[in-house]
Number of protein chains: 2
Amino acid sequence: MAQGSIQGSLKERGVRLTRQRQILLDLIDKSGSHLDAERLFQLAQEQDPKINRVTVYRTLKMLKTGGLVDELDLMHHEGDQHYYETRLKQEHAHVICLRCGKVEEFFGEPLSRLRKQVETHLGYQVLIARTEIGGYCAHCQTLRAREFDELRGRPPEPPKTSEETERKPRAAAPKPRARRA
Amino acid sequence: MAQGSIQGSLKERGVRLTRQRQILLDLIDKSGSHLDAERLFQLAQEQDPKINRVTVYRTLKMLKTGGLVDELDLMHHEGDQHYYETRLKQEHAHVICLRCGKVEEFFGEPLSRLRKQVETHLGYQVLIARTEIGGYCAHCQTLRAREFDELRGRPPEPPKTSEETERKPRAAAPKPRARRA
DNA sequence: TTTTTTGCAAACAGTTTGCAGCACA
DNA sequence: TGTGCTGCAAACTGTTTGCAAAAAA
């Protein structure tokens, strides 16, 4: 438990540090990033099998409202879940490959420049800034070119924006979740 | 029906121009921007009371997949819907006031610079870029200061990131929608 | 006339809520 | 020891799907 920034911040606000929250904060903090609620729930379950999905959602909501984590959707590349990452890192954009799903982070001055311009030109007090960029990574560009070559003869495809790879199955396991009656 | 860009693009791809699609395209195009599916559905219903919500979703999905509209979430400021706008405009960021919900657009070179850097530095072929910025507009900043003054004496509030205004009712009408059995 | 597209009902994913009991401070 | 938090079940919103009937081309 090396990290104390989030936990400290919570303690200051009089938020109780329950066992469940400890687990969740730990996971959020040590995971590189980009966990969605369901994944976080699965990981938490490994440490406490009785933890409830609702607790995960409630904790995430609290952290988000408190400005301690940011919510991303990563271009909805593999579903409509949201992803979360701590706010500790430097501002960055997320770059998502629409073919293989890889997510990279981009740090650079255009981001801070953008923020400053919005503050000065529009007079805003900026609290959150989120940039998500979708495209094809270098590797997938060549793969796409190859796939295209193999189609020679057929009518050229309309320039699809995404969705051109068959949607891969959601996650490792088919995610069987309690269904409604 | 002055605009033909989207409609033309669709015709080329062999998409049928049905009455419903005409209506929806028209609305998307002439509305300033930032319609969500439900709002679009309501507006469409004024012209064709028998149009179905599902048709709206299907049309939006088609336009999105075809790269003709962009999907936004505007920081989820008033719910988890998605908003849509045509791709005809120049690239821009959306700046959302987290207090009053106002949405402004920001055009500026940091955006194209950012795109270029991602292309050259990370080797991506960029297809979509989305920047959403949340904060307080000039007007709401002063209002917040006033609100804060009125609270003098009480313990200083934790620096809330959003959600500090009471969530306003979703839209004009309470949006009564067919509930599940 | 063939192929898309629609409308309907029902399903689905992701997330939130009400409430009684539990546990942190 | 009280107030905040959890777990459970069930609700809810936003969106998608299967299928027969309707309408473009």
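Below, read A as the first sequence line, B as the second, and so on, with proteins coming before strands; counting in each chain starts at 1.
Straight-line distance from the CZ atom of Phe41(A) to the C1' atom of dG7(D): 11 Å, rounded to whole Å. For the pair Gln22(A) CD and dA23(C) C1', the computed distance is 14 Å after rounding to whole Å. If you measure from atom CD of Gln81(B) to atom C1' of dT15(C), you get 14 Å, rounded to the nearest angstrom. Computed from coordinates, the Tyr84(B) OH to dG14(D) P distance equals 12 Å when rounded to whole Å. For Gln45(B) and dG7(C), the CD to P distance is 10 Å, given to the nearest whole Å. Atom C1' of nucleotide dT16(C) and atom NZ of Lys64(A) are separated by 11 Å, given to the nearest angstrom. At whole-Å resolution of the value, NZ in Lys50(A) and P in dC5(D) are 21 Å apart. A straight line from NE2 of His77(B) to P of dG14(D) spans 15 Å, rounded to a whole angstrom.
Put simply, Tyr57(A) has a side-chain N or O that comes within less than 4.0 Å of OP1 or OP2 on dT15(C). Proximity of Thr18(B) to the phosphate of dT6(C): a side-chain N or O atom is located under 4.0 Å from OP1 or OP2. When the side-chain nitrogen and oxygen atoms of Thr55(B) are compared with OP1 and OP2 of dG7(C), one or more of them lie within a distance under 4.0 Å.
Judged by distance alone, the side chains of Arg39(A) and Gln42(A) do bring a donor and an acceptor atom under 3.5 Å apart.
Interface remark: the Arg58(B) side chain does form a donor-acceptor pair with the dG7(C) base, using a distance-only criterion of under 3.5 Å. Within 3.5 Å, a donor on the side chain of Arg16(B) pairs with an acceptor on the base of dT3(C), or the reverse.
Summary of the strand contacts: Gln20(B) and Ala37(B) both lie near DNA chain D, and taking for each the nucleotide with the nearest heavy atom, the more 5' one is attributed to Ala37(B). Residues Val15(B) and His82(B) both approach DNA chain D. Their nearest nucleotides, taken by heavy-atom distance, put His82(B) toward the 5′ side. Toward the 5′ end of DNA chain C lies the nearest nucleotide of Arg21(B), the other residue of the pair Val54(B) and Arg21(B) mapping further downstream.
Other residues, nucleotides and ligands place more than 12 heavy atoms under 6.0 Å from the NZ atom of Lys102(B). Within a 6.0 Å sphere centred on NE2 of His34(A), heavy atoms belonging to other residues, nucleotides or ligands number more than 12.
The listed nucleotides are dT17(C), dT6(C), dC8(C); the one nearest the side chain of Asn52(B) is dC8(C).
In this structure, the side chains of His139(B) and Arg99(B) stay at 4.5 Å or more apart for every pair of heavy atoms.
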What's the verdict on salt bridge (charged side-chain N to carboxylate O under 4.0 Å, His left out) for Arg130(A) and Asp70(A), showing C-alpha distance, side-chain angles and the deciding distance?
CA-CA 9 Å; Arg130(A) 181 162 86 205; Asp70(A) 280 328; over 6 Å; no
